[in-house]
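Here the structure is laid out as structure tokens; the discussion comes afterwards.
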Number of protein chains: 2
Amino acid sequence: MSQWSQHGRLQPHDPIADDGDEVHFCSTCAFGSACLPAGLDKTALNELHMLVGHVGPFHDGDIVFRSGERFGAVFAVRAGMVKTRQLDDEGHEQVLGFHLPGEMIGLDAIHPAKYPCDAIALDTVFVCRFSFPALSTLATKIPDVQGRLFDLLSADIGKSARYSGDHAADERLAAFLLDLSGRYAARGFAPNAFRLVMPRADIANFLRLAAETVSRVLRRFQDQNLIRVDGREVELTDKAALRKLARHILRD
Amino acid sequence: MSQWSQHGRLQPHDPIADDGDEVHFCSTCAFGSACLPAGLDKTALNELHMLVGHVGPFHDGDIVFRSGERFGAVFAVRAGMVKTRQLDDEGHEQVLGFHLPGEMIGLDAIHPAKYPCDAIALDTVFVCRFSFPALSTLATKIPDVQGRLFDLLSADIGKSARYSGDHAADERLAAFLLDLSGRYAARGFAPNAFRLVMPRADIANFLRLAAETVSRVLRRFQDQNLIRVDGREVELTDKAALRKLARHILRD
DNA sequence: GTGTTGCATTGACCTGAATCAATGCAGATC
DNA sequence: GATCTGCATTGATTCAGGTCAATGCAACAC
């Protein structure tokens with residue numbers, strides 16, 4: 001067994017000191033296919049691990065990086081959930097995304113050379129820090145690392161366009177739930193029952209809805225037996241129906 | 001003088017045969033800073049030029065690349081305007097963006113390894129084709145090229161998040177006009193008077209509005225002396241006021 | 001226990017933008 | 001010139017989702 005619960009939350013045990021579980025983590029990480037046996041020789045693997053720093057724990061509300069800070073590194077979420085968001089000059093928040101263990105954040109900071117958003121822990125979070133200058137240098141030496149970076153960057157373009165369309169509230173929410181489900185599945189977590197770690201207001205903001213609408217739609221989904229909700233715990237009980245609702249948004 | 005009108009449209013003259021103007025074009029292109037004297041030695045410059053193919057002309061409605069096609073190359077728009085869009089299985093269109101001369105398209109195709117959207121010419125269009133395998137190989141050899149690619153990819157993440165927020169119709173439209181203006185300016189075109197090459201319906205779709213709303217808001221802007229509109233020609237006469245409207249969307 | 005705090009939910013009402021339905025208008029075609 | 005065709009505009013009406021205002025409820029402090 002490992003220190004991971006099925007909800008992706010960290011048990012009271014410090015994974016930073018737990019080098020024995022390193023590989024298990026890496027297998028779920030965004031760089032997994034670049035780091036792991038998958039074709040990389042030992043030197044390359046070591047070089048990648050050399051430039052990684054483990055950072056944490058962060059707690060609910062803690063800031064991983066802050067908008068405007070000089071860009072120096074990208075981060076992979078190791079444990080917990082991170083939200084990224086922008087604030088405008090009047091303090092209006094725009095949630096850009098929620099990031100699960102194994103996902104990469106900070107890629108949008110490369111060009112402006114400063115973080116364009118805040119990254120905020122939603123629960124207990126550990127991250128891996130990849131110095132970007134070091135990573136780029138490594139990428140020129142190891143084509144697989146370069147390719148992995150291109151892939152991660154390219155995928156993020158698609159992701160941030162995903163919810164850009166004009167869709168009804170129930171379509172957006174169905175897509176949101178299925179998206180999370182798929183991402184949990186991809187990292188080896190239970191895909192059909194998980195915790196919505198973030199408050200309703202954050203889901204609403206992300207989906208351009210009011211928190212009240214999120215509440216009402218979740219309630220309706222439950223009444224229609226598509227899901228079961230209990231506070232922040234959710235279980236998807238009719239994914240086919242959800243998929244049908246979300247089909248305009250999730251085309252893949 | 002060159003073959004470029006102030007609206008970025010091509011005069012009846014074939015630039016493909018016009019090698020003499022190559023440099024002038026490159027200076028406005030997304031790869032400009034990688035190709036041009038800016039630090040690159042002649043060999044590098046030549047290698048980059050080697051892998052570029054000039055393609056065109058395309059005409060209004062022609063397809064530059066099609067959703068689902070195997071990914072093999074990214075493209076820089078050389079002349080004209082290109083829109084990118086996705087169609088869902090029921091044929092509903094979602095416009096992802098409009099791309100001016102000097103801008104790169106196809107970067108979102110790297111990861112899925114196939115184009116996730118259609119790229120469609122809105123008027124007479126010429127593009128430069130960069131074979132991506134060749135470009136990646138060059139990138140491992142020339143760090144500046146790799147860095148330029150990282151920058152382009154990273155910038156696109158930010159761009160596709162730009163209009164993702166929840167904003168009123170007039171804020172979105174003001175941001176749209178200023179965004180175009182800034183991009184024309186960055187490429188050396190007149191920033192305050194230009195042609196909205198795309199039909200109203202495309203602007204509306206892109207901004208998640210109805211075409212009627214676009215029409216009404218443009219009209220209101222004109223009544224408020226913020227702009228002058230005549231069909232698809234538009235002139236920004238009070239950018240300060242537009243900027244104030246758009247301030248929640250354009251934070252940079 | 002009793003507050004208090006911070007979300008989440010629910011209901012009543014309102015509104016911005018969509019939709020529906022003409023009408024206008026310029027450029028192509030005959 | 002007359003007729004089409006494809007947008008764009010304008011007005012009347014509708015409605016999805018927002019806003020406002022309570023109320024519920026669990027975790028925590030005292």
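Residue numbers start from 1 in every chain, and the chains themselves are labelled A, B, ... in the order their sequence lines are given, proteins ahead of strands.
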How would you give the extent of chain B contacts on DNA chain D, as first and last nucleotide 5' to 3' within a 4.0 Å heavy-atom cut-off?
D/dC7 to D/dA12
One thing to verify: whether B/Lys159 and B/Asp156 come together as a salt bridge, which I'm taking to mean a side-chain N less than 4.0 angstrom from a carboxylate O.
yes
Counting only N and O atoms by type, is there a donor-acceptor contact under 3.5 Å from the side chain of B/Asp170 to the main-chain atoms of B/Val217?
no
Close side-chain approach of A/Leu218 to A/Ile227, heavy-atom, < 4.5 Å
yes
Check salt bridge (Lys or Arg N to Asp or Glu O under 4.0 Å) between B/Arg243 and all other residues, then give those that pass, not counting sequence neighbours.
none
Using the salt bridge (Lys or Arg N to Asp or Glu O under 4.0 Å) criterion, which residues pair with A/Arg247? Sequence neighbours excluded.
B/Glu90
Going by the side chain to side chain contact (heavy atoms under 4.5 Å, CB included) test, name the single residue among A/Leu173, A/Thr213, A/Leu209 that passes it with A/Ile203.
A/Leu173
Check the distance between C/dA26's P and B/Glu233's CD and give it to me in whole angstrom.
15 Å
Using modelled atom types only, decide if a donor and an acceptor are shared between the side chain of A/Arg85 and the backbone of A/Asp118 within a distance under 3.5 Å.
no
Under 3.5 Å, N/O pairs linking protein and nucleotides 13-15 of chain C:
none

Which residues pass the side chain to side chain contact (heavy atoms under 4.5 Å, CB included) test with B/Glu235, sequence neighbours left out?
B/Ala193, B/Arg228, B/Thr237
Donor-acceptor pair, distance only, cut-off 3.5 Å: does the side chain of B/Ser154 make one with the backbone of A/Leu107?
yes
Tell me: CG of B/Asp166 to C1' of C/dA17, nearest whole Å?
12 Å
Atom CD1 of B/Ile203 and atom P of C/dA18: how far apart are they, to the nearest Å?
14 Å
Which angle, to the nearest 10 degrees, lies between the helix axes at the two ends of the helix from C/dG1-D/dC30 to C/dC30-D/dG1, each defined by five pairs?
30°
Expressed as a whole number of angstroms, how long is the span from B/Arg200:CZ to C/dG24:C1'?
14 Å
Residues two or more places apart in sequence or in another chain: which of them pass side chain to side chain contact (heavy atoms under 4.5 Å, CB included) with B/Ser215?
none
Test of ring centre spacing under 6.0 Å for A/Phe206 and A/Phe98
yes
Test of understanding: with ring pair (Phe, Tyr, Trp, His ring centres under 6.0 Å), list the residues that count as partners of B/Phe75, not counting sequence neighbours.
B/Phe65
Contact list for DNA chain C against residues 171-178 of chain B - heavy-atom distance below 4.0 Å:
none
Report the relative orientation of the aromatic rings in B/His167 and B/His248; use parallel for angles under 30°, tilted for 30 to 60°, perpendicular for over 60°.
parallel
Who pairs with B/Ala246 by side chain to side chain contact (heavy atoms under 4.5 Å, CB included), at least two apart in sequence or on another chain?
B/Ala174, B/Ala175, B/Leu178, B/Leu250
Could you list by number each residue of residues 204-219 of chain B showing a heavy-atom separation from DNA chain D of less than 4.0 Å, or answer none if no residue does?
B/Glu212, B/Ser215, B/Arg216, B/Arg219
Could you list all the side chain to side chain donor-acceptor pair (under 3.5 Å) pairs where at least one residue sits in residues 173-183 of chain B, not counting sequence neighbours?
B/Glu103-B/Arg183, B/Arg162-B/Asp179, B/Tyr163-B/Asp179, B/Asp179-B/Arg183, B/Ser181-B/Lys239
